[in-house]
Amino acid sequence: MDIKEMADREKYTPKAIESKWQTRWQEDGLYRSKVDWSKPKHYALTMLPYPSGDLHIGHWFAMTPSDARARWMRMRGYNVLFPMGFDAFGLPAENAAVQRGVHPAKWTWANIERMRGQLRTMGAMFDWEREMVSADPSYYRWTEWFFKQFFQNDLAYRGEAMVNWSDALQTVLANEQVIDGKDERLGQPVIQKMMTQWFFRYRRYADEMLNFENIDWPEKIRAMQTNWIGRSEGARVTFHTEHGHPLDIFTTRPDTLWGVTFMVLAPEHPLVQKVTTPAQKAEVDAYIEFTATQTEIERTAEGKDKTGVFTGGYAVNPVNGAHVPIWIADYVMITYGTGAIMAVPSGDQRDFEFARKFGLEIIPVIQPEGVSFDGATMEVAYADAGYMINSGEFDGTYSNGDKGRKNPAISQVIDWLEAKRYGKEEVNYRLRDWLISRQRYWGSPIPVVYTEDGKIEAVPDDQLPVVLPEDIDFQGMTGNPLGRSPSFLNTTDSKGRPARRETDTMDTFMCSSWYHLRYLSPHYQAAPFDPEEAAYWLPVDVYTGGTEHATMHLLYTRWFNKAIRDLGVFNDAAEIMARNGRNPEILLDEPMLLLRNQGQVLGAERNGDVVVVTGQREGGQLIARRIEVLPQEDARTLERLAAAGETLPYPREDNRVVGEIVKRTENLLTIADLTRGGELQPVEVPDSAQITIPGIPGTNTVNQLKHHLEVQRMSKSKGNVVNPDDLVSAYGADTVRAYLMFGFDWEKGGPWNDDNIQGVVRWLNEVWDMIMAGPVAGMGDAEAARQAERKVHQAIKKVSDSLENFSFNTAVAALMTLKNELRPLAREGKLTGEAWGEAMRDMLLLMAPITPHITEELWAALGLPYSIHQQLWPEYDADKAAETMTTLVVMKNGKPIDRVAVPVGIGEADAKAAALASEGAKRVLNSSQPQRVIFIPGRAGGAAGAEPKVNIVL
RNA sequence: GGGGGAGUGGCGGAAUUGGCAGACGCGCAUGACUUAGGAUCAUGUCUCGUAAGAGGUGAGGGUUCGAGUCCCUCCUUCCCCA
């Protein structure tokens, strides 16, 4: 080995060591996870990626901290399962086929291959032998099987429904996939269409899904799911038309029934034709036609102008016999409740606005004490607590503003309605059944056939999976691709007669609703999962991923789990569980016990140009004559001077503005003027203005001026994508991992920032140098050894607590602090070889989950036995972490005024005496007597703020 | 309009039960070593003040010996739902 090589060896070169250890770990099966009932299990799961072709920095941000935590659990003695796979069905593959002529399967598998390689560079402890790919027939065989289970047990049905149809995607979408009337993928308009589709009985588990008692999920997700399910308690009440047709409505406010002054039907309501009078018919028909062009969002937007048409018909209110006009209006949805509402304008703002617009009567029925409402003069609806009025025998009953039976007025009215048979108590949900049909190719087939006589038959189990055909031409075709494959389409039914296959495929959320089960035994043939594995590993202990799945994946997967539990799919596993002393009653109700969401890494912020604008004042704004963009260095210098409050080379002048462009709208610039303390200044740029930009010769235009960009999602078109591969080759995986954990609040995320990574680079270099330098010969010092031990144990506590709480940034900070503490001790030769070795050893162990490669390399360099990742987490010892001396903080009225060194655990009397004797106390007391002296004892652990305090109250 | 977050230095961000606000890091400043420095090392770095000291966590009020943390009012902002 020559000198250069030796020098290189002494430097930390991640590239050399990372692939070496990754290969070794894989060869040794270091991360294989096997059932072992003698050890406690821990199933850590992070949401699987869609194989779009390239790993994104967001994947690293989601996965590597989860990996660190899984590794930490493993070091604590848990048998950890941390699998990875691919959510491989979906539209992008099909789009690639259409656009580039690549078969979706080919495109998908090539991407998977590429992403596997990228995932490996993370150095995560994924057990690749448990990998699953949802587009693999060995996987979707069981997706189909689950569909059959649902189909055969009345959880899946074919139904006619108004669906969201995307012309751009040529398929229907679930409500969750439609945002503001547009599809969430392309942002193209979605229209309403009546179609026959496959549904799952999503509502069947609505109430159970509202219960989060036994799971630790973020408040935010629970709120979103609760909101999405939208349970409302109330009553169904039957009105009748004047012709005697029953007309059911659902209301959450039966206590306001006496205030009904009109009814509103959805334009699609079947009774509309029956109640419409000949005189109104033309107007009604025209309105119905108009409504059909509106999206649901447009129809229900709260601020919008109310529209509607009188049908000419009347309904009879059962509670008081009143005849009220029947209207139709687009804000009533045929899909919600009964498609008809009773309108109580005095108690509902939308009804109120409608009534005012069309001159309908308003009758107040709930009135707070001390107020007297008059329907003719009310200005807004009143929906809060009050006493019932104008309500017959219920007058004077108190309605407390609550919903459902918690409101005594509602409760009494419901009982009364039921006794009189006018209506009955009912619960309604916003949640609609799960629409799973997609008119696409690249998804799991729906294993049913249509017989000649129009019956639906499930494909027998021994014929599963129904495999996607290969002979599809994707280019230039519209409509459902499977319908174009005769080999697929034509089949036979159970009696051997010709039959036609279902050509819809399943929503990919179906695939991702059970992937955590397939990881348990991806090669198992007899069932979707091996009950022996399930009994041990289930449920998922920690699930991490993004909030964007709150009402979709995370709600679907809960539904799926409950449905298959009730179908007995878990029965064998439950039995084995019980035999091993685990309680299946609770453990199999929910798929994931604990959920945590990471935030999003956003594109880097971009600075705007710093400009010097001269021109003429006109009113508040400057009309530019000349705009000069400053070169980068000058701009930075200027900003630095301004930040430091120093004199700028440009004094403040009325006809000049100097600063960064923070916004530009057409020809109007907004500039944070440095000569005016950053105050925002509007600057108008006429075409005649002379603009100079360094490096761009010739005439420049206002369009070339760069304004400060908002922090935003990374995307190729915005040119702000951070490529993890580039980062890894520049810094190494350990640095990227540690930086992602250190530089952000993990649950929050934030804009990417290149500069801050330097801190992590220095940290790892210093750790490397410190250990490679070996112990420095010197006099071993007992106090120094004690100090090293103390700092190590304080770090054990801090790092453990941080990882436990997903507070990855403070875990890294604690490790950096430990390095800072140990380094002078090591360098000055104050530690014996033994004390040094112990401290380095523990420091590496604490770092191992976060930076697995460098720690493995240094572990080996210390001559310790392979592998560091099979070692136990150092045990925290509070005695060893304890300090002997601490700082007593002397305060005056809660503000620190002095500090005194005192022994840890100082008693109240001693502390007070020491405090009163301090210089600071003498000064503030000035020989007067304090009113009160309060002692706050120190806390254990050596954390900040744990010191004892004495507060002197003057 | 309803629900859930968030607001702390130039920046990313810390701060168990109310108990030294600004850990850790970036950046910056000064110095050292260098042919050189976008390397490394040392020191400093909330604001005002030469200092003693005073002030300080979006604004205002309250509870408390003591509030970033609890309560009330308001402002800004992000997300979800309508």
Side-chain angles (χ1 to χ4, degrees), chain A residues 11 176 179-180 218-230 296-297 299-304 331 349-350 380 383 430 547-548 550-551 597 599-600 602 605 636 639-640 642-645 678 710-711 738-739 742-763 765-766 769 797-798 801-802 804-805 807 809-820 823-824 827 886-899 920 923-924 930-941 943-954:
Chain A
K11 272 186 68 184
E176 294 87 331
I179 293 156
D180 293 339
E219 174 61 34
K220 178 178 177 164
I221 301 290
R222 299 206 307 253
M224 281 168 74
Q225 294 200 344
T226 303
N227 214 322
W228 191 259
I229 292 167
E296 182 170 329
I297 305 297
R299 287 174 57 168
T300 54
E302 197 149 310
K304 84 160 196 133
Y331 74 92
Q349 189 59 27
R350 281 203 291 195
V380 287
R430 201 184 79 97
T547 25
E548 65 272 21
T551 54
N597 303 112
Q600 221 176 35
L602 301 163
E605 277 184 278
R636 256 185 236 145
E639 283 172 331
R640 195 178 316 137
E710 297 290 308
V711 176
Y739 174 55
F742 179 64
F744 302 84
D745 171 347
W746 187 69
E747 306 203 34
K748 207 169 110 197
W752 175 259
N753 178 335
D754 271 321
D755 302 332
N756 287 341
I757 200 169
Q758 219 32 250
V760 173
V761 171
R762 287 183 194 140
W763 169 50
N765 274 320
E766 284 172 30
D769 293 343
K797 176 96 170 74
K798 185 76 190 135
D801 289 353
S802 294
E804 171 87 47
N805 297 317
S807 174
N809 51 357
T810 56
V812 177
L815 290 167
M816 288 176 170
T817 306
L818 179 62
K819 182 267 301 172
N820 291 344
R823 202 154 69 131
R827 227 176 10 194
T886 187
T887 308
L888 174 72
V889 180
V890 185
M891 296 171 155
K892 176 195 78 172
N893 296 337
K895 292 276 176 195
I897 50 166
D898 207 346
R899 290 163 183 85
R923 181 168 52 74
V924 299
Q931 264 189 43
R932 238 174 111 183
V933 178
I934 295 158
F935 173 65
I936 304 109
R939 280 178 285 138
E947 294 81 0
K949 287 149 202 101
V950 171
N951 191 15
I952 298 168
V953 184
L954 290 181

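Reminder, nothing fancy here: chain letters follow the sequence lines and each chain counts from 1.
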Inset, instruction - Specify the separation, in whole Å, of atom CZ of A/Arg350 and atom C1' of B/G2. - result: 13 Å
Inset, instruction - Scan every strand shown for a Watson-Crick or G-U wobble partner of B/G49, both distances under 3.5 Å, and answer none if you come up empty. - result: none
Inset, instruction - Take atom P in B/U47 and the same atom in B/A23, then report the distance between them in whole Å. - result: 12 Å
Legend entry - Qualifying residue for side chain to side chain contact (heavy atoms under 4.5 Å, CB included) with A/Phe742, from A/Asn756, A/Thr810, A/Val812: A/Val812
Inset, instruction - Just name whichever nucleotide pairs with B/G1, Watson-Crick or G-U, keeping both distances under 3.5 Å, else none. - result: B/C81
Inset, instruction - Send over the distance from A/Ile897 CD1 to B/G53 P, rounded to a whole Å. - result: 10 Å
Legend entry - Separation of atom CG in A/Asp898 from atom C1' in B/A52, rounded to whole Å: 14 Å
Inset, instruction - Give a yes or no on whether the backbone of A/Gly894 and the side-chain of A/Asn951 come within a donor-acceptor separation of less than 3.5 Å. - result: yes
Legend entry - Heavy-atom pair with the smallest gap, counting every atom of A/Pro930 and A/Ile952: CB-CG2, 3.6 Å
Legend entry - Distance between C1' atoms of B/G27 and B/C75 (Å, rounded): 31 Å
Legend entry - Gap separating the OG1 atom of A/Thr887 from the CD atom of A/Glu947, nearest 0.5 angstrom: 6.0 Å
Inset, instruction - Just name whichever nucleotide pairs with B/G22, Watson-Crick or G-U, keeping both distances under 3.5 Å, else none. - result: none
Inset, instruction - Quick one: label A/Glu766 by what it contacts on the DNA or RNA (base, sugar-phosphate, nothing), any heavy atom closer than 4.0 Å. - result: sugar-phosphate
Inset, instruction - Could you tell me whether A/Gly749 contacts a base, only the sugar-phosphate backbone, or nothing, with contacts defined as non-hydrogen atoms closer than 4.0 Å? - result: sugar-phosphate
Legend entry - Syn or anti for B/G27 (syn when the glycosidic angle lies within 90° of 0): anti
Legend entry - 4.5 Å side-chain heavy-atom contact, A/Gln225 and A/Arg222: no
Legend entry - P spacing across the pair B/U64 / B/C71, given as an integer number of angstrom: 16 Å
Inset, instruction - May I ask which nucleotide in the shown strands pairs with B/G37, Watson-Crick or G-U wobble, both distances under 3.5 Å? - result: none
Legend entry - Derivation of the side chain to side chain contact (heavy atoms under 4.5 Å, CB included) call for A/Val760 and A/Met816: CA-CA 9 Å; A/Val760 173; A/Met816 288 176 170; 4.2 Å; yes
Just the atom pairs and distances: protein N or O near nucleotides 23-26 of chain B's N or O, under 3.5 Å.
| from | atom 1 | to | atom 2 | distance (Å) |
| --- | --- | --- | --- | --- |
| B/G25 | OP1 | A/Asn820 | ND2 | 3.0 |
| B/C26 | OP1 | A/Arg762 | NH1 | 2.4 |
| B/C26 | O2' | A/Asn756 | OD1 | 2.9 |

Legend entry - Contact under 4.0 Å: A/Arg923 side-chain N or O vs B/G53 OP1/OP2: yes
Inset, instruction - On RNA chain B, check which nucleotide each of A/Lys748 and A/Ala223 is closest to and give me the residue with the more 5' one. - result: A/Ala223
Inset, instruction - Report the distance from atom OG1 of A/Thr817 to atom NZ of A/Lys798, rounding to the nearest 0.5 Å. - result: 9.0 Å
Inset, instruction - In whole angstrom, give the distance that lies between atom CH2 of A/Trp763 and atom P of B/U40. - result: 17 Å
Legend entry - Pair assignment for B/U63, Watson-Crick or G-U wobble, requiring both distances under 3.5 Å: none
Inset, instruction - For the side chain of A/Asp745, starting at C-beta, report the closest nucleotide among B/G13, B/C20, B/C80. - result: B/G13
Legend entry - Close side-chain approach of A/Val950 and A/Ile934, heavy atoms under 4.5 Å: no
Inset, instruction - Quote, to the nearest angstrom, the C1' distance that separates B/G13 from B/C26. - result: 11 Å
Legend entry - Inter-nucleotide P distance (B/A15, B/C20), Å rounded: 14 Å
Legend entry - Residue pair A/Asn809 / A/Phe744: nearest heavy atoms and the distance that separates them: ND2-O, 3.4 Å
Legend entry - Separation of B/G2 C1' from A/Met224 CE (nearest whole Å): 14 Å
Legend entry - Between P of B/C79 and CG of A/Leu602, the distance in whole Å: 10 Å
Inset, instruction - May I ask which nucleotide in the shown strands pairs with B/A29, Watson-Crick or G-U wobble, both distances under 3.5 Å? - result: B/U43
Inset, instruction - Classify the nucleic acid contact of A/Arg222 as base, sugar-phosphate or nothing, counting any heavy atom under 4.0 Å across all strands shown. - result: nothing
Inset, instruction - Please measure how far the P atom in B/U8 lies from the corresponding atom in B/A32, and state the result in whole Å. - result: 38 Å
Legend entry - Minimum-distance nucleotide (side-chain atoms of A/Asn227 versus B/A21, B/A82, B/G2): B/G2
Legend entry - Side chains of A/Phe935 and A/Val933 in contact at under 4.5 Å (non-hydrogen atoms): no
Inset, instruction - Output the single nucleotide from B/A54, B/C20, B/C41 whose closest atom is nearest the side chain of A/Pro896. - result: B/C20
Inset, instruction - Not counting sequence neighbours, which residues clear side-chain hydrogen bond (donor to acceptor under 3.5 Å, both in side chains) with A/Asn227? List them please. - result: none
Inset, instruction - Could you check how far CD1 of A/Ile221 sits from P of B/C79, rounded to whole Å? - result: 15 Å
Legend entry - Distance in angstrom units between A/Arg430 CZ and B/C80 P, rounded: 13 Å
Inset, instruction - If B/G7 has a Watson-Crick or G-U wobble mate with both distances under 3.5 Å, name it; if not, just say none. - result: B/C75
Legend entry - Base of B/C20 paired with side chain of A/Arg899 (donor-acceptor, under 3.5 Å): yes
Inset, instruction - Could you work out the separation of B/A14 and B/G7 based on their P atoms and round it to a whole Å? - result: 9 Å
Inset, instruction - Between A/Met891 and A/Tyr739, just flag the one whose closest nucleotide in RNA chain B comes earlier from the 5' side. - result: A/Tyr739
Legend entry - A/Tyr739 and A/Asn753, any side-chain heavy atoms less than 4.5 Å apart: yes
For nucleotides 65-68 of chain B, list the nitrogen or oxygen atoms of the protein found under 3.5 Å from its nitrogen or oxygen atoms, one pair per line.
| from | atom 1 | to | atom 2 | distance (Å) |
| --- | --- | --- | --- | --- |
| B/C65 | OP1 | A/Arg932 | NH1 | 3.2 |
| B/C65 | O2' | A/Asn951 | ND2 | 3.3 |
| B/C65 | O2 | A/Asn951 | ND2 | 2.6 |

Inset, instruction - Could you work out the separation of B/U45 and B/A6 based on their C1' atoms and round it to a whole Å? - result: 28 Å
